[in-house]
Asker: 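Below you'll find the structure I mean.
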Amino acid sequence: RSSLMLSFIGLGFIIVAWLVQYTQPVIKEIKKPFIACYAIGLVFLIIDGFIGGLTMVSIMNIIVLAIASGVFYKSSKA
């Protein structure tokens, strides 16, 4: 049950991230709040995956989190 809640929380953050990005009048770049919400959502999905025994899914989400973190770092320097 708690695993399902973590999935909902994680996906909720990812939905917010996409909404932040989508509501921009002109989308020329990825916004920092989008990356932050996406990364937070991924953390919840990673935890949920490990709790649910989905190790490979969690590892793939860790890779995506690393990439998203790299994009956030590069955008912070700009």
Asker: Please answer: with hydrophobic residues joined when any side-chain heavy atoms are less than 4.5 Å apart, are I67 and F34 in the same cluster?
Answerer: no
Asker: Below 3.5 Å, can you tabulate the donor-acceptor pairs from side chains in residues 57-65 to any protein atom, sequence neighbours excluded?
Answerer:
{"unit_1": "S58", "atom_1": "OG", "unit_2": "I46", "atom_2": "O", "d": "3.1"}
{"unit_1": "S58", "atom_1": "OG", "unit_2": "F50", "atom_2": "N", "d": "3.0"}
{"unit_1": "S58", "atom_1": "OG", "unit_2": "L54", "atom_2": "O", "d": "3.2"}
{"unit_1": "N61", "atom_1": "ND2", "unit_2": "V57", "atom_2": "O", "d": "3.4"}

Asker: Nearest 0.5 Å, what's the CZ-OH distance between F13 and Y38?
Answerer: 14.5 Å
Asker: Does a side-chain heavy-atom distance below 4.5 Å link I40 with I14?
Answerer: no
